[in-house]
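A quick write-up on the structure given underneath.
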Amino acid sequence: MPKLGIALKRVLVGRPQRSDRLAHTLLPKRIALPVFASDAMSSVAYAPEEIFLTLSVAGLSAYAFSPWVGLAVVVVLLTVVTSYRQNVHAYPSGGGDYEVATVNLGRKAGLTVASALLVDYTLTVAVSISAAAANVGALIPVVGDNRVGFSVGAILLLTAMNLRGVRESGVAFAIPTYAFMVGIGSMIIWGLTRILVFGEAVRAPSADIELLAEGDALTGLALAMLVLRSFTQGCAALTGVEAISNGVPAFRKPKSRNAATTLLLLGTVSVLMFSGLIALAQLTGAKIAANPREQIVGAPPGYVQETLVAQLAEAVFDDFPPGFFFVVVFTALILVLAANTAYNGFPVLGSILSQDRYLPRQLHTRGDRLAFSNGILVLAAVAIVLVVGFQAEVTRLIALYTVGVFTSFTLSQAGMLRHWNRLLATETDAAARSRMMRSRMINGFGAAMTGVVLVVVLITKFTRGAWIAIAAMVVFYVMMEAIRRHYDRVAVELVAGETDAVLPSRNHAIVLVSTLHKPTLRALAYARATRPDRLEAVTVNVDDADTKRLMREWDKRKLPVPLKVVESPYREITKPVLDYVKRIRSNNPRDVVTVFIPEYVVGHWWEQILHNQSALRLKGRLLFQPGVMVTSVPWQLRSSERMVARRPETAPGSSRRGYEPVVRDDGGAAAPKVAAGRRRHE
């Protein structure tokens, strides 16, 4: 990496951290709440709105169902929070739903949960950022007109912040998260006080408009299906609850207790804000239409439909504009930062799946800042594709959202039921059995509740986009199965047998020669130094004059290595060499053939195009030949020396290893020494 690249990386990501600093990145509850619960809390900014949007299809009269729909969502939310408090105590290792389902229901159930969670986390980023763009658009029209560009930029910013590490991103997100809680809480309390205590007429900007139904067939079964669909849209408020069970290892000790306490705080705050917004929307007469152009009647000229939160803030703080701006700004900000829940959940889950050989190994390791950098980058890339593909429209994206959430919820709670049944079969202590039976009852109710919601989600949303989420889950499942089969197959192939350590009979070395120059002489010298049983130089005759010139120079120098000419009537280089190597192997199957290839080391990418093409083709083909070893003998051109001189004296990560280079006055290399500061520290 050149100096500019390293400097840019350090500005964006920060200085690398040693592995033994991992314990210092653990989170206290006050930081863990905004890190892991920002998604669930911020969902109240758009979940109530989705309930009203869905009901608006049946006209204004359908709004009468909103309190009951909200109450049903609250019951499910409290059930899930209570159930997951049992999960974090029983499985504190960080596997979350995936570990619970795998241990208790089997590998296939675990992979199903993992697929659902991977889809859910990517949708969390896309939905949160898109909702933020809609809220910012209420204040800044240019953002509303360019939601996709704003969303992509916000994802890139979040990615850079999370690459700096969990604790650093958590500290940065804590203030906006708590400010959002204060803003929404103050708006609800002050609005309800003005209406219920002082008797003031607090009216939303949309209170006086008429809302028409789309069509006249929304009665009976159709209306019931619409109410159920509004319930599933409102269940978006439950997203992110499972992230805490996946992130237990990031908490300070006692980990399980701190995670359970954070879950309780999350549930309490989310229920209060969600219920308060629905009540305030009913009391202020706020209206929001799924299709404003066709449904809204009697709106003043130039009327633009704002988000539900923006309408409520404008009504409650009609005589205090700073309050309106405070609520709208921090609502938009928390929706951006809500994606941080996925940035903490997806990489951890990816690391666990990688450790179980279901995802590429690169997702298992931590980066310079002790964060799972590769997982963060993968999440950002997929989320950007979703935002661009769905044009940052929340309603379209949210139809995909709750399928994965409730799939993981249901299987996790079913797994916890089997967990408690297994423990109760062997437990004899009466007090312990009583606690287990209480926990089993909680998880059983949670499994039944989330299972019903999952069925409703599938029925009401399948044709409206949920099938896309299901298809994505199937793709993830098949992909992880294929990756596991590959790793298992490779592991079987690499098992060392009793005869694998037997030495080959002889080492037949070949030095490939095109011209007799310095790189060739170095390759010959190195090959001789390895002392093979047989050594020869090989050149391919593609031009008679060049070959004869090479032979004359070879004889003139009296090189102690025989030169063999391989004919190539069709002027190829790769195939004649491969055929010659195959002949040697077929004549002596127990011999190993070592091919030495002189290769230029260049300093610029365009020089690579001008050199080494034949060497690259030969290496690529020879690597597939059994019993053949390929050795590159580098020759550094001057351009490569200039590139080395431009690089910093210490390589990235050298501070973590505790070494620094030493350059002698005579230009020679000296042994590395331990850094003085590190030695004093130790």
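In what follows, every heavy atom counts, from backbone to side chain, and hydrogens, waters and symmetry copies are set aside.
Nearest heavy atoms, A523 versus P598: CB-CG, 3.8 Å. Across all their heavy atoms, V542 and E572 have their closest contact at CG1-O, 3.7 Å. Shown here for M473 and A116, the closest heavy-atom pair between the two residues is CE-CB, 3.8 Å. Between Y98 and G110 the shortest heavy-atom distance is CD1-O, 3.2 Å. Here the closest non-hydrogen pair linking P589 and R585 is O-NH1, 2.8 Å. The minimum heavy-atom distance between V100 and Y91, with the atom names listed, is CG2-CD1, 3.5 Å.
Here the side chains of M629 and V592 are in contact, with some heavy-atom distance below 4.5 Å. The closest side-chain heavy-atom distance from L521 to K518 is not below 4.5 Å. Between T574 and V540 the shortest side-chain heavy-atom distance does not fall below 4.5 Å. Between K582 and Q625 the shortest side-chain heavy-atom distance falls below 4.5 Å. Taking 4.5 Å as the limit, some side-chain heavy atom of V152 sits within range of a side-chain heavy atom of V388. Using a 4.5 Å cut-off on side-chain heavy atoms (C-beta onward), R528 and P560 make contact. In this structure, V601 and P634 have side chains that are in contact, with non-hydrogen atoms separated by less than 4.5 Å. Residues T122 and L379 have side chains in contact (heavy-atom distance under 4.5 Å, counting atoms from C-beta outward).
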**OP:** Could you give me the CA-CA distance, side-chain angles and deciding distance for V577 and V566, then say whether side chain to side chain contact (heavy atoms under 4.5 Å, CB included) is met?
**Re:** CA-CA 8 Å; V577 172; V566 178; over 6 Å; no
Subject >> V511 and F596: CA distance, side-chain angles, deciding distance, side chain to side chain contact (heavy atoms under 4.5 Å, CB included) verdict >> reply: CA-CA 5 Å; V511 179; F596 295 88; 4.1 Å; yes
**OP:** Test side chain to side chain contact (heavy atoms under 4.5 Å, CB included) on R361 and Y487 and set out the steps.
**Re:** CA-CA 10 Å; R361 299 266 172 84; Y487 279 135; 3.2 Å; yes
Subject >> Stepwise side chain to side chain contact (heavy atoms under 4.5 Å, CB included) check, Y121 with L117 >> reply: CA-CA 6 Å; Y121 282 134; L117 287 174; 4.2 Å; yes
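The 12-atom threshold is exceeded at CZ of R484, counting heavy atoms of other residues, nucleotides or ligands nearer than 6.0 Å. Counted within 6.0 Å of OH on Y526, heavy atoms from surrounding residues, nucleotides or ligands total 12 or fewer; the atom is thus considered open.
Atom CG of L118 is separated from atom CG of L359 by 6.5 Å, given to the nearest 0.5 angstrom. The CG atom of D591 lies 8.5 Å from the NE2 atom of H508; values are rounded to the nearest 0.5 Å. To the nearest 0.5 Å, atoms OG (S130) and CZ (F150) are separated by 10.0 Å. In this structure, CG on L622 lies 12.5 Å from CZ on R617, to the nearest 0.5 angstrom. E599 CD to L512 CG: the interatomic distance, rounded to the nearest 0.5 Å, is 11.5 Å. The line from CD1 of I129 to OG of S151 is 6.5 Å long, rounded to the nearest 0.5 Å.
Scored by the ring pair (Phe, Tyr, Trp, His ring centres under 6.0 Å) test, F251 finds F36 as partners (sequence neighbours excluded). For R485, the salt bridge (Lys or Arg N to Asp or Glu O under 4.0 Å) criterion is met by no residue, not counting sequence neighbours. By the side chain to side chain contact (heavy atoms under 4.5 Å, CB included) test, N146 is found to be paired with V142, residues two or more places apart in sequence or in another chain being considered. Under the side chain to side chain contact (heavy atoms under 4.5 Å, CB included) criterion, T112 pairs with T407, L411, Y477, not counting sequence neighbours. Scored by the salt bridge (Lys or Arg N to Asp or Glu O under 4.0 Å) test, K548 finds no partners at all (sequence neighbours excluded). Under the side chain to side chain contact (heavy atoms under 4.5 Å, CB included) criterion, R489 pairs with H486, E493, sequence neighbours left out. Every residue meeting the salt bridge (Lys or Arg N to Asp or Glu O under 4.0 Å) condition with R107, not counting sequence neighbours, appears here in chain and number order: E481. A search for ring pair (Phe, Tyr, Trp, His ring centres under 6.0 Å) contacts involving F346 returns nothing, not counting sequence neighbours. The side chain to side chain contact (heavy atoms under 4.5 Å, CB included) test applied to A472 returns V119, not counting sequence neighbours. K564 pairs by the salt bridge (Lys or Arg N to Asp or Glu O under 4.0 Å) definition with E536, not counting sequence neighbours.
For residues 347-358, the salt bridge (charged side-chain N to carboxylate O under 4.0 Å, His left out) pairs, not counting sequence neighbours, are R357-D488.
A donor-acceptor contact under 3.5 angstrom links the side chains of T594 and N507, judged on distance only.
When each of I597, V628, L535, V593 is paired with I510, the side-chain contact (heavy atoms from CB on, under 4.5 Å) condition holds for V593 and for no other.
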Throw together a table of side-chain donor-acceptor distances under 3.5 angstrom for residues 549-556, partners on residues two or more places apart or in other chains.
from: R549; atom 1: NH1; to: D546; atom 2: OD1; distance (Å): 2.8
from: W554; atom 1: NE1; to: V561; atom 2: O; distance (Å): 2.9

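Salt-bridge annotation for R583 and D579: absent, with no side-chain N of the basic residue lying under 4.0 Å from a carboxylate O of the acidic one.
At distances below 3.5 Å, at least one donor-acceptor pair connects side-chain atoms of S256 with backbone N or O atoms of V88. Under a 3.5 Å cut-off, the side chain of S354 and the backbone N or O of G350 do not form any donor-acceptor pair. N588 places no side-chain N or O within donor-acceptor distance of the main-chain N or O of R590, the cut-off being under 3.5 Å. Looking only at distances, no side-chain donor or acceptor of S568 sits under 3.5 Å from a matching main-chain atom of P576.
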